[in-house]
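Please read the structure below before turning to the comments.
Numbered from 1 within each chain, the chains take letters A, B, ... in sequence-line order.
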Amino acid sequence: MTDADGDGASADGDEASADGEPAAFHAFWADVVADEIEARNPDDPIVIKGGVSPSGVAHLGNVNEVMRGYFVAEVLRERGHEVRQVFTSDDKDPLRKIPRKLANADGEIVGLGDVDAGALGRNLGKPYTSIPDPFGEATSYAAHFAGLLRADAERLGVPIEMLSNTDLYAEGAFDDVTRAVLADLEGVREVLSTYQDKVDDEYVPFNPVCASCGKVTERVTAVDVEAGTVDYVCADMDVGGDTIEGCGHEGTATFREGKLPWRLEWPGQWRVLGVDFEPFGKDHAEGSWPSGVDVARNVLGIEPPVPMVYEWFTLNGEALSSSAGNIVTVPELLDLLEPEVLRYFFALHPKKARDLELARLDQLVDRFDRFERASFGEVDDPELVRFAERAYPFVVGDVADERPPDADPRDRVRLPYTFAAVLGMVDDPELREQLARDEGHFADDTPDWAVAEALERVERARNWAERMDNEYNYRLQTELPDADFDAAVAAALDDLADFVAEGHDGDAIQSEMYETAREHGVEVADFFAAGYRLFFDETQGPRLGEFLGELERDYVVARLRREA
RNA sequence: GGGCCGGUAGCUCAGUUAGGGAGAGCGUCCGGCUUUUAACCGGACGGUCGGGGGUUCGAAUCCCUCCCGGCCCGCCA
């Protein structure tokens with residue numbers, strides 16, 4: 001891709017559309033982005049890049065990088081393009097400070113106490129790839145954390161290519177970029193100085209790795225572009241107020257034995273990998289993106305990729321923060337939600353600041369369910385239907401692959417999330433299915449795969465109720481709860497026990513509860529409360545009569561008689 | 001101080017590309033389901049589209065301005 005061609009095509013395109021050819025309307029933002037990418041006539045494969053800093057915890061914010069790029073990749077693939085979705089692990093960066101929280105191989109957050117923190121301290125200043133995995137499993141610190149993100153992407157059904165920056169340097173992939181930068185120090189300084197005050201006449205944008213102590217250094221004393229080397233001194237490095245001590249070694253490094261600073265490395269990646277599109281968080285939007293564009297055009301001689309800034313979202317109303325503990329990981333969320341629901345969250349417009357409120361996950365799931373119905377034309381909302389018909393196939397992805405080959409997607413059943421939480425109050429899978437059937441969620445001809453799929457949500461909703469400890473967090477009590485009832489209520493319970501013992505279905509029991517309460521002069525509310533106390537040790541619960549009708553009769557009778 | 005992005009019903013959001021009806025779900029309230037007890041059905045309530053100004057026959061949408069929130073404008077990524 002050359003500069004001139006890109007500009008020319010873009011200008012022609014603008015004129016053409018100004019002449020009357022209106023831009024295509026798209027209900028899905030990924031189509032708009034895909035249009036922009038196609039307008040540049042990129043060569044296949046189209047490269048979509050994301051980036052990850054392998055520094056501690058892969059949290060849900062990183063998933064933006066995965067999913068935003070994924071939807072654009074899928075749209076382009078549908079349009080007939082070959083697409084690579086690559087991720088650079090910026091793993092040649094030095095560890096600058098010891099993180100307070102880490103995530104183990106299962107994505108669980110742990111404190112420093114669970115790892116060899118001293119080993120981390122001794123390795124400050126070294127590239128992540130030169131530091132051992134604190135959990136002693138992966139080949140390096142970087143490999144551990146890059147692996148976490150890759151695992152999360154896999155859990156979400158997104159295939160990504162993870163590329164190690166360290167490897168790219170070692171293979172010489174950055175040689176040309178580094179040579180271009182160091183051969184034009186004047187130009188680089190001029191470009192960068194408009195964005196960074198620290199860039200002066202002495203500044204050399206290359207950080208050799210010290211051959212003696214292995215740390216990333218900052219002081220280059222000489223550059224020899226012909227030989228492809230730089231001389232350096234391993235001096236102290238200032239990192240946000242703290243100092244990482246250099247060893248004082250003076251040496252010579254090749255272009256493969258160091259790294260470019262971020263503001264040059266990022267555009268360098270664009271050139272090395274031929275990046276056509278890259279989404280990034282709003283923290284980059286006003287900092288390294290404008291300087292990256294400048295560097296790309298005026299130092300590296302390439303057009304920067306199509307950008308997309310995504311808003312950050314908050315978790316429970318607060319900024320994501322691993323140190324403050326306001327964090328949620330993909331594995332955690334997949335205990336609460338189907339993957340397609342999480343994918344749906346990232347299919348919503350990226351520019352909107354969104355809050356993911358765990359206490360109201362039922363709302364997110366409800367919205368997904370409605371979105372899914374809309375994709376089948378089952379919702380009377382033209383706007384939503386347009387979006388859903390376009391985006392739904394990308395959101396469900398290969399979920400359908402686990403269904404029988406002849407399965408009709410319209411046969412799928414989604415139990416309302418809160419109802420699924422109600423079903424989660426009992427453990428028995430058959431009882432769960434029966435209760436859902438009684439409520440009319442399954443028809444006689446609902447296929448087995450749809451029943452099984454629907455019931456998977458019960459386990460997740462149950463996890464949610466327990467995690468939130470909310471009004472659905474009830475458990476059928478296996479032991480008789482500690483409770484006293486007045487004589488009238490006690491008598492009514494005994495009568496109800498006799499009625500149940502005779503053998504009646506749930507509807508009949510429900511009706512009888514009202515009758516019995518009246519006969520004994522007990523407030524219906526009080527009588528139900530007594531029932532909830534006995535079975536759930538709570539004051540409220542699901543529709544009780546029908547619930548009891550599904551339980552084992554001897555158990556219900558004994559419990560109503562307060563015997564067991 | 002300068003810049004970027006957001007602000008639509010109690011909550012979560014759609015609608016902003018391409019100016020024309022202010023919408024959905026949930027919640028709330030009322031009603032229905034022989035039955036006040038979370039699931040099902042119906043209905044209602046609910047908005048100065050952050051404020052103000054402008055353009056226009058017409059603005060949530062375009063322009064200006066102000067307010068609020070996040071981010072960037074040191075280093076680092």
Side-chain angles (χ1 to χ4, degrees), chain A residues 22-27 29 31-32 35 51-55 90 93-94 96-97 194-198 216 218 237-242 261-263 265-266 280-291 309-314 319 348-357 359-371 373-374 379-388 415-423 425 435-436 438-441 471-472 474 507 509-515 517-518 523-529 531-532 538-547:
Chain A
F25 174 83
H26 293 300
W29 55 267
D31 276 305
V32 179
D35 280 359
V52 56
S53 183
S55 56
D90 296 333
D93 299 342
R96 307 178 71 81
K97 61 179 181 188
T194 63
Y195 304 93
Q196 295 183 281
D197 291 342
K198 79 161 187 181
V216 178
E218 289 187 326
M237 183 163 56
D238 192 34
V239 287
D242 291 332
W262 166 248
R263 285 190 188 242
E265 188 173 76
W266 195 23
F280 47 88
K282 64 177 182 176
D283 52 333
H284 290 299
E286 291 302 308
S288 42
W289 170 253
S291 77
V309 180
Y310 56 82
E311 259 288 345
W312 291 354
F313 58 84
T314 52
L348 299 173
H349 205 285
K351 288 276 184 150
K352 285 282 223 178
R354 274 167 219 289
D355 185 44
L356 182 68
E357 187 165 5
R360 300 220 169 91
L361 275 191
D362 57 309
Q363 289 194 358
L364 176 62
V365 178
D366 284 349
R367 288 187 61 211
F368 167 80
D369 290 351
R370 187 176 147 81
F371 164 79
R373 289 196 303 277
V379 174
D380 180 22
D381 181 336
E383 299 281 357
L384 178 62
V385 166
R386 264 196 313 186
F387 170 62
L415 300 176
Y417 195 70
T418 53
F419 178 61
V422 169
L423 294 187
M425 296 176 191
L435 286 166
D438 290 349
E439 194 54 36
H441 289 292
E471 65 268 39
Y472 298 95
Y474 298 151
D507 278 346
I509 296 171
Q510 180 78 4
S511 300
E512 182 66 13
M513 290 191 70
Y514 289 88
E515 288 297 320
R518 283 197 206 97
E523 287 290 330
V524 171
D526 292 342
F527 192 48
F528 272 94
Y532 291 127
E538 287 289 348
T539 56
Q540 46 181 2
R543 192 174 285 258
L544 192 56
E546 294 170 16
F547 201 88

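- Among the nucleotides rA38(B), rC72(B), rG69(B), the one closest to the side chain of Y472(A) is rA38(B).
- For the pair K97(A) NZ and rC75(B) C1', the computed distance is 11 Å after rounding to whole Å.
- Look at K351(A) and you won't find any side-chain N or O under 4.0 angstrom from OP1 or OP2 of rU16(B).
- Closest contact between the side chain of E383(A) and the listed nucleotides rU12(B), rG15(B), rA77(B) involves rG15(B).
- Spacing between atom OH of Y195(A) and atom P of rA77(B) amounts to 18 Å, rounded to whole angstrom units.
- Between Q510(A) and rC33(B), a side-chain N or O to OP1/OP2 separation shorter than 4.0 Å is absent.
- Here D355(A) lies in heavy-atom contact (under 4.0 Å) with sugar-phosphate atoms only.
- Of all heavy-atom pairs between S291(A) and R263(A), the closest is OG-NH1, 3.1 Å.
- Within the 4.5 Å cutoff, the side chain of D283(A) has heavy atoms near those of the W312(A) side chain.
- The separation of rG27(B) from rG46(B), taken at their C1' atoms, amounts to 11 Å, rounded to a whole angstrom.
- Of the candidate nucleotides rC72(B), rC71(B), rC75(B), rC71(B) has the atom lying nearest to any side-chain atom of W312(A).
- For the pair L348(A) CG and rG25(B) C1', the computed distance is 14 Å after rounding to whole Å.
- Following rounding to the nearest Å, H284(A) (NE2) and rC76(B) (P) show an atom-to-atom distance of 13 Å.
- Note: CG (L415(A)) to C1' (rA38(B)) measures 16 Å, nearest angstrom.
- Taking atom P on both nucleotides, rG32(B) is separated from rG69(B) by 48 Å, rounded to a whole Å.
- Nearer the 5' end of RNA chain B, as judged by each residue's closest nucleotide, is the contact made by H441(A), out of R96(A) and H441(A).
- Looking at E311(A) and K282(A), a side-chain N of the basic residue comes within less than 4.0 Å of a carboxylate O on the acidic one, giving a salt bridge.
- Rounded to a whole angstrom, the distance from the C1' atom of rA38(B) to that of rA22(B) is 32 Å.
- For D366(A), whose side chain is taken as the heavy atoms from C-beta onward, the closest listed nucleotide among rC26(B), rC13(B), rC71(B) is rC26(B).
- For the atom pair CZ of F528(A) and CD of E523(A), the computed distance is 12.5 Å after rounding to the nearest 0.5 Å.
- Here F419(A) counts as stacked on rA39(B): its ring centre is under 5.5 angstrom from the base ring centre and the planes meet at under 30°.
- Side chains of S53(A) and D90(A): no donor on one and acceptor on the other come within 3.5 Å.
- Remark: R354(A) is in phosphate contact with rA14(B), judged by side-chain N or O atoms under 4.0 Å from OP1 or OP2.
- By the 4.5 Å heavy-atom criterion applied to side chains, L361(A) and L364(A) are counted as neighbours.
- Considering only the side chain of F25(A), rU16(B) comes nearest among rG6(B), rU36(B), rU16(B).
- Going from the P atom of rG70(B) to that of rG53(B) covers 28 Å, rounded to whole Å.
- OP1 and OP2 of rG25(B) both lie 4.0 Å or more from every side-chain N or O belonging to Q363(A).
- When distances run from any side-chain atom of D197(A) to the nucleotides rG74(B), rU36(B), rA24(B), the shortest one goes to rG74(B).
- The separation between R263(A) atom CZ and rC72(B) atom P is 12 Å, rounded to whole Å.
- Atom NZ in K282(A) sits roughly 12 Å away from atom P in rG7(B) (whole-Å rounding).
- For S511(A), whose side chain is taken as the heavy atoms from C-beta onward, the closest listed nucleotide among rU34(B), rG3(B), rG74(B) is rU34(B).
- At a threshold of 4.0 angstrom between heavy atoms, the contacts of A285(A) with the nucleic acid are absent.
- Using a 4.0 Å cut-off, some side-chain N or O of K352(A) falls inside it from OP1 or OP2 of rG7(B).
- No engagement by D507(A) is indicated, since no non-hydrogen atom pair under 4.0 Å with the nucleic acid exists.
- Closest to the side chain of P416(A), out of rC40(B), rC76(B), rC4(B), is rC40(B).
- Annotation for V309(A) and K351(A): closest pair O-CE, 3.5 Å, computed over non-hydrogen atoms.
- In this structure, R386(A) atom CZ and rU17(B) atom P are separated by 12 Å, rounded to whole Å.
- With distances taken from any side-chain atom of S288(A) to the nucleotides rU12(B), rA77(B), rC4(B), the minimum falls on rA77(B).
- The separation of rC64(B) from rG42(B), taken at their P atoms, amounts to 46 Å, rounded to a whole angstrom.
- The side chain of S53(A) lies closest to rA77(B) when the candidates are rA24(B), rA77(B), rU35(B).
- Residue order along RNA chain B, read from the 5' end via each residue's closest nucleotide, puts F528(A) first among V52(A) and F528(A).
- Here the two rings, on W266(A) and F280(A), have centers that are under 6.0 Å apart.
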